[in-house]
2 protein chains.
Amino acid sequence: MNMDIFEVLAEPHRRFMLDLLRIRERSVGELVKESHLSQPGVSKHLRILREAGLVKVRSAAQKNIYSICPKPLREIDAWLELYRHFWSDKLDALESFLDNEQN
Amino acid sequence: MNMDIFEVLAEPHRRFMLDLLRIRERSVGELVKESHLSQPGVSKHLRILREAGLVKVRSAAQKNIYSICPKPLREIDAWLELYRHFWSDKLDALESFLDNEQN
DNA sequence: CTCTTATATTACCATAAGGTTATATAACTG
DNA sequence: CAGTTATATAACCTTATGGTAATATAAGAG
């Protein structure tokens with residue numbers, strides 16, 4: 001298939017699955033329960049996420065445990081970077097930096 | 001149509017057109033020349049970008065001049081924010097802040 | 001072993017996206 | 001006005017995507 005990362009993220013279910021995996025790793029079965037998709041549907045999306053390098057799998061008994069692999073998101077981030085100055089001037093940058101410091 | 005912003009950006013031609021408009025506003029004709037699409041093809045994508053609020057039009061004689069409207073990109077940025085901590089710790093934040101200062 | 005659980009793959013289908021050609025519309029030009 | 005330029009819309013087609021049911025595979029459990 002060889003899907004572009006932007007296309008991969010265009011699918012709402014896939015973003016949702018990433019949002020779940022962002023919290024903690026999950027088995028396919030868990031993902032099926034939390035999505036409104038059939039098991040093959042989930043597996044299909046997981047395959048696309050895998051091929052995009054956004055998740056990795058680990059086997060535990062019969063279960064396949066998926067976890068997030070966020071590196072490829074940097075490509076999106078890099079593209080956005082070209083536009084970020086439109087809404088974030090230097091003051092904003094300082095603000096958000098200080099905000100992060102407080103947490 | 002009512003397309004999600006992630007879907008809107010999934011199309012490479014549309015990202016390319018935004019990349020052009022990011023530099024400066026352009027007429028439809030100019031965009032046609034710089035893309036490898038027919039004029040209706042370009043108009044179709046422009047419509048989608050318009051409906052997503054990513055570009056705005058201004059008429060000058062028979063020409064329609066399109067310019068960028070980057071606000072909706074914040075939604076992408078906000079989603080990415082949830083993942084950014086994976087690769088950007090506070091040191092990175094300081095670095096990029098200082099980098100921006102130098103320019 | 002046999003059964004159950006867990007997941008991936010296959011086959012198939014419906015829909016939507018993206019492209020093009022043809023056409024409508026509208027505004028300059030001479 | 002008649003003709004040209006600029007753009008949008010309509011109609012149409014092809015393909016890819018995303019969904020499901022059915023099936024294969026593989027690993028526990030008893």
Side-chain angles (χ1 to χ4, degrees), chain A residues 1-21 24-69 72 76, chain B residues 1-21 24-69 72 75-76 79:
Chain A
M1 289 212 178
N2 226 352
M3 229 171 171
D4 182 76
I5 177 122
F6 284 89
E7 285 183 43
V8 172
L9 295 181
E11 223 291 320
H13 292 117
R14 288 197 285 266
R15 286 202 305 282
F16 182 63
M17 291 169 65
L18 286 182
D19 286 337
L20 292 175
L21 295 178
R24 58 173 173 77
E25 59 179 18
R26 282 161 215 256
S27 69
V28 178
E30 289 179 285
L31 291 170
V32 171
K33 276 176 216 145
E34 309 197 67
S35 68
H36 285 192
L37 291 175
S38 64
Q39 177 267 313
V42 170
S43 282
K44 235 174 163 183
H45 285 305
L46 284 173
R47 179 179 187 164
I48 290 170
L49 290 169
R50 235 186 306 128
E51 289 176 350
L54 282 164
V55 299
K56 58 178 183 300
V57 213
R58 167 173 66 85
S59 284
Q62 327 106 299
K63 299 192 178 179
N64 281 10
I65 311 290
Y66 280 80
S67 54
I68 198 161
C69 230
I76 310 277
Chain B
M1 289 213 181
N2 226 351
M3 230 174 171
D4 182 76
I5 178 124
F6 284 90
E7 284 184 46
V8 172
L9 295 180
E11 223 291 320
H13 293 117
R14 287 197 286 265
R15 286 202 304 282
F16 182 63
M17 291 169 64
L18 286 181
D19 286 337
L20 292 176
L21 296 177
R24 57 174 174 77
E25 59 179 19
R26 284 161 214 257
S27 69
V28 178
E30 290 179 284
L31 292 170
V32 170
K33 276 176 214 144
E34 309 198 67
S35 69
H36 286 192
L37 291 175
S38 64
Q39 175 267 310
V42 169
S43 283
K44 234 173 160 184
H45 284 305
L46 284 172
R47 179 179 186 164
I48 291 169
L49 290 169
R50 235 186 306 127
E51 289 176 349
L54 282 164
V55 299
K56 57 178 181 299
V57 214
R58 167 173 68 86
S59 284
Q62 327 104 301
K63 298 192 180 180
N64 281 9
I65 312 290
Y66 280 81
S67 55
I68 198 161
C69 230
E75 187 180 334
I76 309 278
W79 184 79

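Remember, it's a predicted structure, so these values are computed and weren't measured experimentally. A note on names: the letters A, B, ... follow the listed sequences, proteins ahead of strands, and every chain is numbered from 1.
Judged by closest nucleotide on DNA chain D, A:Glu7 is the one of A:Glu7 and A:His36 placed further toward the 5' end. Of the two residues near DNA chain C, B:His13 and A:Ser43, the one whose nearest nucleotide lies more 5' is A:Ser43.
Side chain of A:Gln62, nearest nucleotide from C:dT5, C:dG19, D:dG18: C:dT5. Nearest nucleotide to the side chain of A:Val28, out of D:dA8, C:dT7, D:dG19: C:dT7. Looking at the side chain of A:Pro40, the nearest of the listed nucleotides D:dA6, C:dT9, C:dT7 is C:dT9. When the nucleotides D:dG19, D:dA8, C:dG18 are ranked by their closest atom to the side chain of A:Leu37, D:dG19 comes out on top.
Near-neighbour residues of DNA chain D inside residues 45-61 of chain B, defined by a heavy atom below 4.0 Å, number-ordered: B:Arg47.
Within 4.0 Å of A:Gly41, counting heavy atoms only, lies at least one base atom of the nucleic acid.
In this model, no side-chain donor or acceptor of B:Gln39 finds a partner on the base of D:dA6 within 3.5 Å.
A salt bridge is absent between A:Lys44 and A:Glu11: the closest approach of a Lys/Arg side-chain nitrogen to an acidic carboxylate oxygen does not fall below 4.0 angstrom.
Classified by interplanar angle (parallel below 30°, tilted 30° to 60°, perpendicular above 60°), the ring pair A:His45/A:His13 is tilted.
A 4.5 Å side-chain heavy-atom check between A:Leu49 and A:Tyr66 finds every atom pair outside the cut-off.
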